[in-house]
Amino acid sequence: MGEYAVNGVTLVVPDEMLNDRVAGKLASGAYEAHEAHAAQMRLRKGMRVLELGAGVGYIASICAGVAGAENVVTVEANPAMLPVIRANLDRNGHQATRLVHGAVTGDGDADEIAFDPKKVFWAGRIADEEADPEKLVSVPMLPLAGLLKEYRPHLVIMDVEGAERHLFGAPWPAHVRAVMMELHPNQYPDRVIKQIVDCMSDSNLTYDPGPSRGRILCFRRVRHT
């Protein structure tokens with residue numbers, strides 16, 4: 001069991017859920033540095049946050065420290081990570097942050113969906129044709145539209161290992177002021193990235209160059225001045 005201090009956040013992660021690369025980033029303080037910086041640039045106290053893909057609870061803790069823990073909802077599909085995330089949120093004083101179990105999808109009326117948890121936590125994803133059927137778990141299916149309606153976030157943050165390809169088929173609601181995501185271009189063709197950008201444009205959200213960097217793509221609501 002490794003304990004790490006990253007940007008003022010204390011994280012405890014079981015060794016078996018890490019590889020050398022991720023453990024090194026946690027130890028050096030470089031873990032999800034760009035994502036944390038992006039969130040801190042645009043987040044303000046009292047803003048409502050919806051995070052899709054909780055990881056180890058780091059970004060949710062950063063957001064809770066700025067916006068207030070009661071304003072943060074974080075979603076995680078991997079059932080093995082739930083106690084790790086909850087414990088990390090609690091040890092950093094963010095007991096009021098809500099942790100929701102499920103895999104976020106674009107639509108669908110099924111109650112559950114197959115999830116491939118992988119050995120290291122960051123690689124888990126919705127099952128595809130390459131997944132080992134014996135290692136899959138069933139998790140709640142959470143359509144994005146329902147989450148946006150229920151929690152009415154101002155800021156949406158996502159790192160969902162390629163599932164973003166399914167989340168930009170229709171315009172997003174006006175209460176969303178900013179969107180931050182990690183792209184996974186090795187998992188889909190360029191037309192998916194174009195679809196994401198077009199959907200955000202149709203939602204009156206434009207490219208936000210300040211917090212964007214590399215595969216961290218950010219949008220903000222168009223300012224009328």
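Computed from a predicted structure; not experimentally measured.
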Verify same cluster id: [X], [Y] (apolar side-chain graph, 4.5 Å):
X    : Y    : value
V192 : I126 : no
V73  : M158 : yes
M141 : V104 : no
I85  : L18  : yes
V176 : M180 : no

Is any side-chain heavy atom of [Y] closer than 4.5 Å to one of [X]?
X    : Y    : value
C199 : V197 : no
P211 : H37  : no
V137 : V139 : yes
V9   : I62  : yes
Y58  : N88  : no
Y31  : N7   : no
Q187 : R165 : yes
V179 : L155 : no

After noting the C-alpha distance and the side-chain angles of D132 and D116, does the key distance pass the side-chain contact (heavy atoms from CB on, under 4.5 Å) rule?
CA-CA 8 Å; D132 183 347; D116 187 357; over 6 Å; no
Looking at [X], I want to see if its [atom1] is surrounded by more than 12 non-hydrogen atoms of other residues, nucleotides or ligands under 6.0 Å.
X    : atom1 : result
R215 : CZ    : yes
D20  : CG    : no
D190 : CG    : no

Taking [X] for its side chain and [Y] for its backbone only, find out whether a donor-acceptor pair lies under 3.5 Å.
X    : Y    : answer
T74  : A60  : no
N92  : T10  : yes
D198 : S201 : no
E76  : V100 : no
H101 : V75  : no
S61  : G57  : yes
R221 : S203 : yes
R48  : N71  : no

In Å and rounded to the nearest 0.5 Å, what is the [atom1] to [atom2] distance from [X] to [Y]?
X    : Y    : atom1 : atom2 : value
M200 : L205 : CE    : CG    : 5.5 Å
L217 : I196 : CG    : CD1   : 7.0 Å
I193 : R191 : CD1   : CZ    : 11.5 Å
R98  : L50  : CZ    : CG    : 11.0 Å
M17  : M81  : CE    : CE    : 5.0 Å
W172 : N204 : CH2   : CG    : 14.5 Å

Non-hydrogen atoms of [X] and [Y] that approach each other most closely:
X    : Y    : result
F115 : G124 : CZ-C, 3.5 Å
P140 : I113 : O-CG2, 4.3 Å
V6   : G29  : CG1-O, 3.8 Å
E112 : S138 : OE1-CB, 3.5 Å
H34  : I216 : CB-CG1, 4.2 Å
D159 : E32  : OD2-OE2, 4.2 Å

Set out, in order, the CA-CA distance, both residues' side-chain angles and the distance that settles side-chain contact (heavy atoms from CB on, under 4.5 Å) for M181 and F168, then state yes or no.
CA-CA 12 Å; M181 73 187 75; F168 295 87; 3.4 Å; yes
Is there a side-chain contact (heavy atoms from CB on, under 4.5 Å) between L26 and V22? Walk through the geometry before answering.
CA-CA 6 Å; L26 284 164; V22 177; 4.2 Å; yes
Mind running side-chain contact (heavy atoms from CB on, under 4.5 Å) on V49 and V66 for me, showing each step along the way?
CA-CA 11 Å; V49 180; V66 177; over 6 Å; no
Taking atom types as modelled, find out whether H184 and E164 have a side-chain donor-acceptor pair closer than 3.5 angstrom.
yes
Regarding R42 and D208, does a basic nitrogen lie under 4.0 Å from an acidic carboxylate oxygen?
yes
